[in-house]
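One-based numbering, in listed order, for ligands and for the atoms of each. In this text, all values refer to a predicted model and were calculated from it rather than measured experimentally.
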Amino acid sequence: MKLATIGVGNAGSKIIDRMLEFENETGRDLCRHVMVINTARTDLAKPKYVPEDRRVLIGDTHQKAKGHGVGGDGEVGAEVAKNDIDEIRRVFDDVEIHEVDAILVAAGLGGGTGSGAGPVVIDELQKMYDEPVYGLGVLPGEYEGGRPALNAARSLQSFVTKVDNFIAFDNDAWRSRGQTVEEGYEQMNRELATRIVTLLAAGEVDDSDVGENAMDSSDIMRTLDTGGVSSIGYASSDLDKPDGLLSKYKTKDKDEEINSMDAAKIKGLVRRAVNSRLTLPCEVSSADRALIIFAGPSSMISRKGIESAREWLEQEADTVEVLAGDDPREDSDTLAAVVLLSNVTETPRIKEIQNQAVDAQNKIAELDAVREEEITSLITDDDNELDPIV
Ligand code: GDP
């Protein structure tokens, strides 16, 4: 697939930057157009791979932002984006839209810029283009507290109703001990970039020269066509390792045996991907549609293996809508399986975020109500004998 990618806010921009890094390292060419949008000047300087002229600062004249961010307030983020929509549209104008299959907007939903400006940008893109617009959204961890949960729960409603599909990444599930927050984010961004690029870069070559099992962009788009919230699983096998797939492949000499051995291994790889940590933990059987992509040397990916993995997932996900194919990467020394579970409806984390958000909203309303009273009581003497000067 060929994409136009837009990162909104700090997390969104960092994720896009990691996607560019991963495609660079692996010789892929997924992101044909890139743009990052932020309200904080300092955050805009962070990406390493996004060209300078594709970084857009919004809200620098807005009284509450002034180039320093929106202080985690999603409503200000949305307001700033609406005010500067002409600037956003202008940068998007030179995108050759016929060169891309879809547009991907990435954002962290717990902050102010991604959660608020993200949906405004998506609205505009949906108005401007017929191509599907997908969201890639990070859900905040419980440990971040009530405010990010409230932003995320509200922003999720905006994102999911406006995009053609929303691929979620749950920071809570991916948090690991013994790391600073920044180290943790760095690792999570790499993991996410590996999954999303491996998934969406399949079918990027238009050549009719690709093999018969090759996955096509339209297959990916069809799977994402359900709308709703989606999750990705991933597993890879190092082909150079003695217990990797290659050694078995080399030691067997009869074609039939090679294929059946490969089929078992390939199915095992997909099983591992599905049972691995998903980008959003969910009940696999609640998926509406699913898709498997094998990325690696085509000699490693037998048709029999693809078919047996597809059949296995069809049962596991309890849906007849499972597509499977390969993305030939002849120079790769790994074989990766990436599984897209589209429109998953049983995912406890979203309910947890909503509960945390409702608590936070109630607490904020309570605080607002007593604040005025407390200030008045603080500055008023016991018997109310004093008057203000003016
Ligand atoms: P914004 O710029 O105002 O949109 O705010 P940020 O993007 O800095 O943060 C929004 C949310 O994204 C936070 O609440 C975190 O949950 C998450 N976040 C921030 N940075 C990263 C990152 O690098 N990786 C991941 N996975 N999550 C991040």
Show the atoms of ligand 1 that are less than 4.0 angstrom away from any heavy atom in [X].
X: Asn171; answer: 15 (C), 16 (O), 17 (C), 25 (C), 26 (N), 27 (N), 28 (C)
X: Gly111; answer: 3 (O), 5 (O), 10 (C), 11 (C)
X: Gly108; answer: 12 (O)
X: Pro140; answer: 16 (O)
X: Val138; answer: 26 (N), 27 (N)
X: Gly9; answer: 2 (O), 4 (O)
X: Glu144; answer: 13 (C), 14 (O), 15 (C), 16 (O)
X: Lys14; answer: 20 (N), 21 (C), 22 (C), 23 (O)

So which protein heavy atom does [atom] come closest to, and at what separation?
atom: atom 22 (C) of ligand 1; value: Tyr185 CG, 3.3 Å
atom: atom 4 (O) of ligand 1; value: Gly114 N, 2.8 Å
atom: atom 24 (N) of ligand 1; value: Asn189 OD1, 2.7 Å
atom: atom 6 (P) of ligand 1; value: Asn10 CB, 3.7 Å

Centroid separation under 6.0 Å, is that true for the rings of Tyr129 and Phe92?
yes
Would you say the side-chain atoms of [X] and [Y] include a donor-acceptor pair closer than 3.5 Å?
X: Ser230; Y: Asn165; result: yes
X: Gln187; Y: Gln179; result: yes
X: Glu283; Y: Thr347; result: no

Is [X] in polar range of ligand 1, meaning some N or O pair under 3.5 Å apart?
X: Ser115; answer: no
X: Asp43; answer: no
X: Gly112; answer: yes
X: Leu109; answer: no
X: Ala11; answer: yes

Under 4.0 Å between a side-chain nitrogen and a carboxylate oxygen: does that hold for Lys363 and Glu366?
no
Less than 4.0 angstrom from a charged side-chain N to a carboxylate O is my criterion; do Asp43 and Arg41 meet it?
no
Evaluate side-chain contact (heavy atoms from CB on, under 4.5 Å) for Thr26 paired with Arg329, printing each intermediate quantity in order.
CA-CA 9 Å; Thr26 59; Arg329 301 277 162 191; over 6 Å; no
Side-chain heavy atoms under 4.5 angstrom apart, residues restricted to Ile, Leu, Val, Met, Phe, Trp, Tyr: same cluster for Phe159 and Leu150?
no
Does atom CG (Asp331) have a neighbourhood of more than 12 heavy atoms from anything else shown, all under 6.0 Å?
no
Going by the side chain to side chain contact (heavy atoms under 4.5 Å, CB included) test, name the single residue among Val138, Thr5, Leu20, Asn10 that passes it with Ile15.
Val138
Pairwise side-chain contact, Val105 with Leu136, heavy-atom cut-off 4.5 Å (strictly under)
no
Which part of Thr113 is near ligand 1, with near meaning a heavy atom under 4.0 Å away: side chain, backbone, both or neither?
both
